[in-house]
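Report on the following structure.
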Number of protein chains: 2
Amino acid sequence: MPRQVDHEARRRHIAAAVWRLAASGGLEDATIRRVAAEAGVPARQLQYYFGTREDLLLGALELLNRDGEAEARERVAALGPEPEPRDVLRSVLLEFLPLDESRRQRHLVHMAYFVRFMTEDALRDRIRDAPPELEDLIAMLLPEGRRDEADFLLAGTTGLQGQMLLGQLSAERAIELIDRQLDRLFAPMDRPADRGL
Amino acid sequence: MPRQVDHEARRRHIAAAVWRLAASGGLEDATIRRVAAEAGVPARQLQYYFGTREDLLLGALELLNRDGEAEARERVAALGPEPEPRDVLRSVLLEFLPLDESRRQRHLVHMAYFVRFMTEDALRDRIRDAPPELEDLIAMLLPEGRRDEADFLLAGTTGLQGQMLLGQLSAERAIELIDRQLDRLFAPMDRPADRGL
DNA sequence: CCTATATTGGTACGGTTGCACCATATCTTA
DNA sequence: TAAGATATGGTGCAACCGTACCAATATAGG
């Protein structure tokens with residue numbers, strides 16, 4: 001057999017080029033030739049490692065998500081051995097905000113894929129399976145597991161994400177808004193649970 | 001002078017074709033030739049009424065926003081002469097949800113423009129001026145004008161919009177979640193304002 | 001060493017893109 | 001009616017697109 005090459009590494013290298021282009025100009029900028037130039041490899045290599053352009057975009061998205069989940073898990077783990085539920089929840093929510101370049105680019109790329117998510121059935125199915133567990137997790141971390149508050153909390157966080165990406169909202173303000181909601185939801189229970197349930 | 005033509009009507013007719021294409025396949029599907037075919041006019045006409053493709057996309061967006069604002073104002077006005085603040089607020093928030101085909105298409109198109117909003121400076125400036133007044137309005141409609149709650153309420157609503165567009169959330173559930181938040185924020189004030197301020 | 005095969009390179013093709021350009025038609029005003 | 005501005009139509013061009021195809025290379029197993 002001929003030279004063995006680390007496929008995973010090469011795919012990741014190419015995928016990173018897709019991310020950069022998609023984040024700055026949308027999916028339409030991620031053409032095969034442009035991605036190849038951005039990655040510094042011959043265009044033919046993209047064909048070899050990903051196949052068609054559709055496969056390239058899908059593959060790049062999958063790698064992005066994998067990286068994102070790993071990063072998120074890492075940050076939650078960094079909270080220590082037995083973290084407070086509130087801290088875990090806060091960490092999970094903050095994962096949705098573009099607080100560093102890594103997260104910013106990731107969310108930017110997700111936005112670029114958004115329209116395709118909605119119209120192309122292949123993508124649509126893939127996304128409709130994951131998120132219920134996320135809402136479940138948030139509800140579990142909330143005192144008394146208030147589902148309505150959990151759902152709106154998550155929605156609010158993704159809303160803040162959008163405003164931050166548009167430059168309408170500072171990181172400090174976004175975090176402050178989330179902390180205010182957490183203050184309320186984790187408030188001492190010596191009164192009738194302010195209408196959240 | 002020659003035949004006079006209703007420019008505004010023609011531009012709107014063409015813009016509607018842009019919306020349909022952008023809503024179903026993203027901005028990259030809104031090529032000059034495709035838009036022309038969708039609108040049933042020669043491609044040359046797009047050049048005449050909009051100029052370059054960039055101008056076409058910008059013009060189509062502007063018409064979309066104008067239509068959206070008009071529709072929203074109409075629905076608020078339909079509440080009657082002296083509506084309750086809560087009803088006005090609810091109406092404003094529901095305007096962000098894709099509750100009918102008109103709003104659904106409008107928000108879909110906005111998503112298609114999203115990445116460009118973030119990167120192209122021309123668009124970026126245009127969007128950074130409008131929204132503060134919206135948050136102000138919401139805060140004003142809220143009892144005691146709690147700014148933090150107002151901001152998070154708007155963020156939450158746009159978050160629900162995204163989930164609905166992805167088919168993850170039903171209209172009923174989204175409205176229910178908003179109404180729960182309104183229940184809480186408009187709750188009687190016989191106790192110390194549940195930590196919102 | 002040698003050969004089978006994983007990997008790379010380069011290119012060519014049919015199709016589409018945005019746009020500039022030229023000619024024509026149509027109608028209002030002078 | 002003459003004329004000139006407004007509006008329309010069609011075509012051509014250079015650039016780019018995705019991808020199929022063919023050749024060359026390099027290396028691991030025999």
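We use all heavy atoms of the structure for the numbers below, so side chains are in, but hydrogens, waters and symmetry mates are not. Chain letters run A, B, ... following the sequence lines, proteins first, then strands; residues in each count from 1.
Put simply, CZ on R10(B) is 12 Å from C1' on dT6(D), counting in whole angstrom units.
Between dA7(D) and H7(B), a contact under 4.0 Å exists linking OP1 or OP2 to a side-chain N or O.
Against DNA chain D, the stretch residues 44-55 of chain A makes heavy-atom approaches under 4.0 Å through R44(A), Q47(A), T52(A), R53(A). Taken residue by residue, residues 30-39 of chain A places heavy atoms nearer than 4.0 Å to DNA chain C at R33(A).
Residues satisfying the side chain to side chain contact (heavy atoms under 4.5 Å, CB included) test with A72(A), not counting sequence neighbours, are E95(A). For D67(A), the salt bridge (Lys or Arg N to Asp or Glu O under 4.0 Å) partners are R12(A), not counting sequence neighbours. Scanning for salt bridge (Lys or Arg N to Asp or Glu O under 4.0 Å) contacts around D179(A) gives R90(A), with sequence neighbours left out.
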Please list every donor-acceptor pair under 3.5 Å in which a side-chain atom of residues 38-50 of chain A meets a protein atom from a residue at least two apart or in another chain.
from: E38(A); atom 1: OE2; to: R20(A); atom 2: NE; distance (Å): 2.5
from: E38(A); atom 1: OE2; to: R20(A); atom 2: NH2; distance (Å): 3.3
from: Y49(A); atom 1: OH; to: R10(A); atom 2: NE; distance (Å): 3.2

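Within 6.0 Å of CZ in R75(A) there are more than 12 heavy atoms belonging to other residues, nucleotides or ligands. Applying the 6.0 Å contact sphere to CD of E176(B) captures more than 12 heavy atoms from other residues, nucleotides or ligands. Heavy-atom contacts from other residues, nucleotides or ligands closer than 6.0 Å to CD of E8(A) number more than 12.
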Take R116(B) and E54(B), measure what salt bridge (Lys or Arg N to Asp or Glu O under 4.0 Å) needs, and give me the verdict at the end. CA-CA 11 Å; R116(B) 288 193 175 218; E54(B) 194 72 10; 3.4 Å; yes
